[in-house]
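Beneath this line is the structure, given in structure tokens, with notes to follow.
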Amino acid sequence: MNYFKRNRGYTPYRHTGRRNTAPPLLSGLFFPAVILYHELLLRLFDRDTSFFGLALLRVLLFSAAAGLVIFLLLDLLPWRQAARIAGGVVIGLGAILLCVERGCRATFGIYYGVSFMGGMAGDVAGDFGSTVAKVVLGLIPFILLSFVPLVVFILLRQSVIPDQGQEAPIRIILAALLVAFQLTAYLLSTLGPVKSYYTYEFTANAAIPHFGLLTSVRLELEYAVMGIPTAPLDAFLDDPLPTATPDPEESADPSADPSGEVSQRPIPTGPNVLDIDFEALAESETNETIQSMHQYFANVIPSEKNEYTGMFEGKNLILLTAEGFSPYAIDKDLTPTLYKLTHEGFVFNNFYQPDWTLSTTGGEFAVTTGVIPNWLGGSDASPLVSASRSMPITLAKLFAAEGYAVPAWHNHTYTYYHRDEYLGNFGYDYHGIGNGLELPHDVWPNSDLEMMEATADSYINAYVEDGTPFHAYYMTVSGHGYYSWGGNAMSRKHREAVEAKYPDLSETSQAYLACNMELDLALEYLVDKLEAAGIADDTLIVMTGDHYPYLMVENGGADYYNELRGFEDTESDTSRYRNTLLMWSGCVEEPIIVDTPCSSIDIVPTICNLFGLDYDSRLYSGRDIFATNYEADQYSNCMPLVVFANKGKGNAWITAAGTYECSTKTFTPNEGIELEDEEDYVKRVNRLVAAKVNYSKLIIQEDYYKYVFADSE
């Protein structure tokens with residue numbers, strides 16, 4: 001007894017028949033309250049996510065269930081100090097993840113899966129250190145609020161996790177509540193309109209607004225182990241279609257009227273297909289998913305050959321994906337070459353580069369493969385996964401089969417986004433900074449002009465000297481954000497010229513215009529080289545952006561992209577993604593105007609048709625822009641179709657008949673279009689869009705091309 005007296009009145013624990021526990025209400029509610037606080041904080045700072053609604057109820061229930069799981073696990077630990085440390089670690093890691101996701105949302109406009117962020121963390125930290133620092137500074141209020149629960153836990157840790165665990169009846173009651181909350185939330189998630197986002201269309205970007213961050217992480221881990229559920233593929237099979245396609249002459253799109261020498265060429269006829277018997281493949285296939293894919297592609301109407309088929313046969317191709325490029329980078333005075341190349345040659349008035357929610361790598365994938373980019377399993381991006389898949393019908397491999405040289409360059413770290421892996425698998429002889437491309441100045445971002453100066457002579461001289469045709473590919477970087485004088489070396493280089501012409505624009509808009517002047521100089525250099533070598537008529541230049549410059553938009557703040565354009569919309573509107581497809585050759589004497597709705601996934605099949613390559617138009621997500629075997633006021637699965645990525649609100653789309661905005665669930669017919677049954681038309685196009693999205697995902701996920709071209713592997 002003397003020991004206890006010496007220790008300042010400490011009273012030993014006396015057994016009274018009751019355990020010394022904290023109030024179960026405080027203990028049981030704390031972790032659910034912490035998780036819900038974090039979830040509500042994320043929603044509150046996200047201007048594009050509706051705070052209230054059924055999603056809020058799902059988040060509340062999932063948060064309660066997850067919090068009870070954490071508490072019961074900690075409560076069962078016999079080592080109380082260890083349980084408190086573990087509780088603090090869990091809350092701290094949750095706060096860190098919350099801040100990272102908020103940073104992704106604020107910077108890129110989307111939420112990323114944990115594994116994708118983990119895979120890119122090294123590249124981002126190494127190459128965009130200044131950008132990360134700027135993002136962190138902008139998030140300080142959010143960061144401070146995120147760590148409030150950790151501070152509270154440290155102060156109340158002995159009350160939340162007492163020296164003695166809860167009694168068995170309390171644990172049973174809490175476990176029963178846990179099951180009830182989880183089951184109710186699960187039913188609300190899988191029996192309603194958001195079922196697809198919880199299952200086969202799961203992505204972090206779609207799941208977080210509907211179910212919460214912690215549930216998104218749980219689903220990502222679950223699907224990584226068990227595999228993501230397969231979509232009900234039979235629901236995507238189209239209604240019976242006519243066995244004969246429409247007469248191209250009767251259904252020709254007047255907006256694609258050729259001019260100049262094109263109209264004098266003999267017009268090829270017949271479908272753009274290879275000798276592939278999809279029905280026979282389906283009959284012999286035992287894998288139900290692959291069998292369904294064979295049946296789907298068998299039912300796709302191929303595009304027909306047309307006035308433009310083979311127009312550039314045997315000629316050269318230079319394809320560029322321009323970082324952050326948009327129509328508003330084109331200025332007659334500041335970017336005269338861009339103006340010239342987009343107003344001569346082919347002029348596309350209705351072209352889009354959708355936001356595929358995969359940033360640059362998604363846009364590049366669409367441009368180089370003709371396949372819709374997707375998230376696979378919620379966190380694996382289809383471009384990255386495609387590096388280990390059979391990709392026999394990329395432009396690089398199709399041109400290489402014709403004896404073309406197929407070099408590719410990127411004036412940034414060559415491994416970024418694992419570009420070296422997937423471009424190499426596409427068939428390109430790829431080089432970037434650190435792998436064969438050396439530039440005179442190491443700045444951020446690097447110069448597109450310097451990249452062109454370092455590379456163009458190699459393939460131009462080879463063609464002039466020994467006749468080796470070429471398909472060269474470039475991924476530029478000069479147009480990359482942040483758009484400021486301090487954050488972009490290319491912007492600083494051209495600052496004076498932009499400020500002189502547009503003194504009243506914000507620094508962000510001025511810097512955006514300025515850095516694209518470097519892209520213009522690169523194209524000027526390229527065209528001058530082609531003309532000096534006498535091969536401008538023998539070369540087609542094709543270019544579009546990877547995505548609109550979303551770094552001009554401050555999440556929750558100013559939208560400088562609207563300032564640049566002079567009108568307002570949001571990222572939910574299709575108009576945000578209108579872009580420019582540059583397609584120019586010295587041999588086109590008069591502009592060829594094209595009003596057909598089209599997008600980046602249409603570039604590859606269009607190029608295949610222009611160069612007269614043997615290809616199967618059914619195997620791409622996109623279509624030949626110049627194909628005319630459709631009628632604007634009638635549904636067909638080979639009609640022009642622009643698909644916009646599903647961001648948790650459904651897929652928006654544009655056809656020759658009109659525009660469907662998924663954010664408002666409204667369809668607006670084009671002028672002069674009268675549909676026989678508008679409701680049925682919208683329903684069928686929605687199903688076609690869902691089919692294209694899901695089958696494009698399966699092409700990469702299931703390595704589908706391997707099954708189609710098994711004999712040629």
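Fair warning: this is a prediction, and the values are worked out from it, not measured in the lab. Just so you know, residue 1 is the first one in the sequence shown, and it goes up from there.
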When you look at Phe116 and Trp375, which way does the ring-ring contact (aromatic ring centres under 6.0 Å, His included) test go after all the steps? CA-CA 10 Å; Phe116 181 80; Trp375 290 103; 4.9 Å; yes
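- Here the side chain of Arg623 pairs no donor or acceptor atom with the backbone of Ser303 at under 3.5 angstrom.
- When atom types are taken as modelled, the side chain of Ser621 and the backbone of Lys692 share no donor-acceptor pair closer than 3.5 angstrom.
- A donor-acceptor pair under 3.5 Å is absent between the side-chain atoms of Asn299 and the main chain of Tyr296, judged by distance alone.
- Using modelled atom types and a 3.5 Å distance limit, the side chains of Asp624 and Ser617 yield no donor-acceptor pair.
- Under a 3.5 Å cut-off, the side chain of Glu307 and the backbone N or O of Phe626 do not form any donor-acceptor pair.
- Applying the 6.0 Å contact sphere to CD of Glu678 captures more than 12 heavy atoms from other residues, nucleotides or ligands.
- With hydrogens and angles ignored, the 3.5 Å screen pairs no side-chain donor or acceptor of Asn425 with any backbone N or O of Glu421.
- Ring geometry, Tyr704 versus His294: the interplanar angle falls from 30° to 60°, so the pair is classed tilted.
- Listed here is the closest heavy atom pair of Tyr615 and Pro605: OH-O, 3.4 Å.
- With Glu631 contributing its side chain and Asp633 its backbone, the two residues share no donor-acceptor pair below 3.5 Å.
- Residues Asp355 and Tyr548 bring no donor and acceptor atom of their side chains to less than 3.5 Å of each other.
- Side-chain contact, Glu661 with Thr666: no donor N or O sits under 3.5 Å from an acceptor N or O.
- Side chain to side chain, Asn562 and Arg576 meet the donor-acceptor criterion of an N or O pair below 3.5 Å.
- Side-chain atoms of Glu220 come within 3.5 Å of backbone N or O of Ser115 as a donor-acceptor pair.
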Output, in order, the C-alpha distance, side-chain angles, deciding distance and verdict of ring-ring contact (aromatic ring centres under 6.0 Å, His included) for Tyr352 and Phe644. CA-CA 9 Å; Tyr352 296 82; Phe644 296 89; 5.6 Å; yes
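- Around the CD atom of Glu222, the shell of radius 6.0 Å holds more than 12 heavy atoms that belong to other residues, nucleotides or ligands.
- With hydrogens and angles disregarded, a donor-acceptor distance shorter than 3.5 Å links the side chain of Tyr620 to the backbone of Ile393.
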